[in-house]
Protein chains: 2
Amino acid sequence: MQVKVVLNEDEMPRQWYNLAPDLPTPVPPPLGPDGKPISPDMLAPVFPMNLIEQEVSQERWIDIPEEVLALLYRWRPTPLHRAYALEKFLGTPAKIYYKNESVSPPGSHKPNTAVVQAWYNKQFGIEKLTTETGAGQWGSALSFAGALVGLEIKVYMVRISFDQKPFRKIMMETWGGKCIPSPSPYTKTGRKILKEQPDTPGSLGIAISEAIEEAVTDPSGKTRYSLGSVLNHVMLHQTIIGLEVKKQLEKIGEKKVDVVIGCAGGGSNFAGLAFPFMYDKINGAEIDIIPVEPASCPTMTRAPYVYDFGDTAEMTPLLPMHSLGHAFIPPPIHAGGLRYHGIAPLVSGAINDGLATPKALHQLECYEAAVTFARTEGIIVAPETSHAVAAAIQEAKKAKEEGKEKVILFNLSGHGLMDLTGYQKYFEGELQDYALPDEEMQKFLKVLDGLPKP
Amino acid sequence: MQVKVVLNEDEMPRQWYNLAPDLPTPVPPPLGPDGKPISPDMLAPVFPMNLIEQEVSQERWIDIPEEVLALLYRWRPTPLHRAYALEKFLGTPAKIYYKNESVSPPGSHKPNTAVVQAWYNKQFGIEKLTTETGAGQWGSALSFAGALVGLEIKVYMVRISFDQKPFRKIMMETWGGKCIPSPSPYTKTGRKILKEQPDTPGSLGIAISEAIEEAVTDPSGKTRYSLGSVLNHVMLHQTIIGLEVKKQLEKIGEKKVDVVIGCAGGGSNFAGLAFPFMYDKINGAEIDIIPVEPASCPTMTRAPYVYDFGDTAEMTPLLPMHSLGHAFIPPPIHAGGLRYHGIAPLVSGAINDGLATPKALHQLECYEAAVTFARTEGIIVAPETSHAVAAAIQEAKKAKEEGKEKVILFNLSGHGLMDLTGYQKYFEGELQDYALPDEEMQKFLKVLDGLPKP
């Protein structure tokens, strides 16, 4: 009885998989403020050219540099687990596998792109990266990456999270990252907002604006901005997850996966696991591929496919994606995670092409699934990851009803040890289910009026 | 360049190593309140007989049952890392390896014995385990074990920790464990203390007393008590750590280890790594084996070898060990971890026989080492583990001075993600070094007057 499958370092994939050239319908380009396609040069003040090349690449396979592999080896390859205890608890004939991304030092899949971005920036001569963080996961991962690669990291953390989650700041500082509450007095944007609304709790939109402003206005030209999801090169770096899984399944003779599941906020952990399986699907394999989102933030299942800004402050290019509008704010009864208004253009494209079938779940079902998982498999998952767990349990129950020995695979994108407050609220009955009402959604979508259509 | 060494499940050791029969000087037996040796039967109300058999065993190798292996596979074998980045930072010719026990779901080495104890209790027909917890690590590990094995877990948590560390309680509850502040109204001991001192912050001694009382007074006879360190069977279960390391070093052709280091509170993570190497030392190998403790709690380096109680309330048998006296209380300027007044009898015996050479370190040096480690190797270690890191850095610097290519190995016993407050205090300059003054120690040692001598 093999409980988990490990790989040696020399068995790790040597290339990332780029879905872009294989999508039946090419993803439209990002647009500038003038409505015209953005050229790579126009992104140069924000990102280093070597990452911009990956962003626009149409190569299917992209080599992972040896030095990057050595960085990834710190915690990769990650284990693939067979969920025997969960299967037994559910009495399902399905086999359930999960990829355990929680074993990275910051506790999630995010370092898979953080260390890579840090390395490419360093190669390009960059000395400092700025970024934003909401709950703190991305800021932690980039601070970790900065320590490994030797880059200065500055994280603008949404003020309300900064105040409520002091431990995330300590994590970042321990890795040498600088974490400051946003809005801050260090940027024009921050100063303006602080003057107008001194007591603002901040927002991810403001934090993004501050981080980009600091990067593009640094007179030395040695500062760039880093984004933890949504963009093509981020999805690319995360495909190491699914590529490892394929090798692991091959190692134990598991020939066919029937269902692939990942939770999706910006889309990167889902893409990381699923894109290598989409390659098989494009080439004729029958696989159900399911990105899962909360019913309170139904980007993939209900929002239109549009051109929208990546941030609230309208500083980013317009991206073609499913979006609830860049002014979207999820309700406070939601415990956090997966709150982004949009979703990666490549994931949107895959949905449009019928390669992925999104699903929205309510948070009480997700926490219930997470508790079941902790009490069977023993891992306390992140609130975001609980959506993937709940969908996997649904599929396993369906397989039981149908009497089918399906193979179900999901991404355990992170542990929940830094986010136990959500569990506490769940145990104390403080959480409620909430599906975004249609009239509410229509209000949020108004910000899209007048923007170009893909 | 191999960054870490992994093992497949089928490469995991199939037996634990018992140091007891190999110690040149046999460890004296535990004594009862009458000063006479405790017989196995006398421990039966507290522990199941199958674990008592391990506790008193003189067999060198003890088989790990197949079902226990399947439980350990959930997170084991754990990786052995080569600390290339730390070596480079230090400019040392030494090779530094560390065993990464932080990848277990509760984040430390403690589940290595928790799941084993839970399994043996279950086999014996036990339905419920009680235990105490200070900072919360052991209570978390046993709750995790209870979920995996299917046992009810009740954790008496020292009230001040219960109030200050609410996240530990949520962890335990997520795994289905019940965590209550001690003193509690559920035991005679608890009620008595609550009546006399309603505002007491509690103590580990009181919590142990409550946990044992609940176990031995359960009329069903289906409840037992579980201890996370100190005892022989706990050391035994932890030897899986060092036995794995030996296989890992063999796999990469590393023939000889010069220095083995572990931090030691009760002694279990140190013993787990070091005992298999003591076997080599007993058989002629030259190895420096170093258990590390805080200068504020200098059990191994300065306390006498005596018979002492394991708990403040004098409910346990008398154990032969180095001890500061069971009334010892470390000063509040110490950030936590490794505060136990005694040390495992087997570790004490090894020290007496010259197999291990303990060292005491100050906490500022330990936090400094931990921050260096986080910024080079990328892992934020537990405050306890920082002592092992600091000692490893000292040895690597010594090797540099001597120009020797030594092989240094230490145990990364746990991550610090649940204990970031210590790092915060360190960054804010709130921590001070403190070595227990001799006159203070003499005061604490007074409780030993009149007890038998080993």
Side-chain angles (χ1 to χ4, degrees), chain A residues 1-10 66 69-77 79 81 84-85 100 102-107 111 115 144-148 150 166-171 173-176 251 370-371 374-380 415-418 420-424 426-427, chain B residues 1-10 66 69-77 79 81 84-85 100 102-107 111 115 144-148 150 166-171 173-176 251 370-371 374-380 415-418 420-424 426-427:
Chain A
M1 164 156 159
Q2 188 156 20
V3 173
K4 65 187 187 321
V5 190
V6 294
L7 296 175
N8 292 311
E9 291 176 1
D10 58 11
E66 280 298 320
L69 286 169
L71 290 168
L72 294 172
Y73 290 156
R74 299 287 184 100
W75 73 98
R76 303 204 72 84
H81 297 245
Y84 283 108
N100 186 359
S102 76
V103 297
S104 78
V115 298
F144 163 78
L148 264 51
F167 293 116
R168 281 287 180 190
K169 174 176 177 273
I170 308 170
M171 262 178 102
E173 285 184 352
T174 303
W175 279 312
K251 209 169 175 178
V371 171
R375 293 181 185 176
T376 51
E377 293 298 313
I379 300 176
I380 297 177
H415 67 61
L417 299 189
M418 302 296 292
L420 289 165
T421 312
Y423 282 89
Q424 184 174 30
Y426 171 69
F427 288 129
Chain B
M1 164 155 158
Q2 187 157 19
V3 174
K4 64 186 188 322
V5 190
V6 295
L7 295 175
N8 293 310
E9 291 176 0
D10 57 13
E66 279 298 321
L69 286 168
L71 290 168
L72 294 172
Y73 289 156
R74 299 286 184 98
W75 73 97
R76 302 204 73 83
H81 297 245
Y84 283 108
N100 186 359
S102 76
V103 297
S104 78
V115 299
F144 163 79
L148 264 51
F167 293 116
R168 281 287 179 187
K169 174 176 178 270
I170 308 170
M171 263 178 102
E173 286 184 352
T174 304
W175 279 312
K251 211 170 176 178
V371 171
R375 293 181 185 175
T376 50
E377 292 297 312
I379 300 176
I380 297 176
H415 67 61
L417 300 188
M418 302 297 291
L420 289 166
T421 312
Y423 282 89
Q424 184 175 29
Y426 171 69
F427 288 130

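Proteins come first, then strands; the chains are lettered A, B, ... in the order of their sequence lines, and each starts at number 1. The figures here come from the full heavy-atom set of this structure, side chains too, leaving out hydrogens, waters and symmetry mates.
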Test item: A:R74 side-chain N/O and B:E377 main-chain N/O as donor-acceptor pair under 3.5 Å: yes

A:T376 portion near chain B, given a 4.5 angstrom heavy-atom threshold: backbone

Chain B contacts, top residue of A:L148, A:I380, A:N8 (heavy-atom pairs, under 4.5 Å): A:I380

Partner chain B: residue of A:P105, A:A147, A:G378, A:P166 with the largest heavy-atom pair count (under 4.5 Å): A:G378

Interface moiety of A:R76 toward chain B, non-hydrogen atoms closer than 4.5 Å: backbone

Which of B:Q2, B:K169, B:E66, B:H415 touches chain A most, by non-hydrogen pairs under 4.5 Å: B:Q2

Validation row: B:L420, A:M418 side chains within 4.5 angstrom (heavy atoms): yes

Proximity breakdown for B:F144 and chain A, heavy-atom pairs closer than 4.5 Å: side chain

A:E9 backbone acceptor or donor facing B:K4 side chain under 3.5 Å: no

Region of A:T421 that comes under 4.5 Å of a non-hydrogen atom in chain B: both

Residue A:P77 versus chain B: region with a heavy atom under 4.5 Å: both

Chain B contact via A:L69 - which portion, at a heavy-atom distance below 4.5 Å: neither

Among A:L417, A:I379, A:V371, residue most engaged with chain B (heavy-atom pairs, under 4.5 Å): A:L417

Point-to-point distance, once rounded to the nearest 0.5 Å, from OG1 of A:T174 to OH of B:Y426: 10.5 Å

Options A:W175, A:F427, A:Y73, ranked by heavy-atom pairs under 4.5 Å with chain B, top entry: A:W175

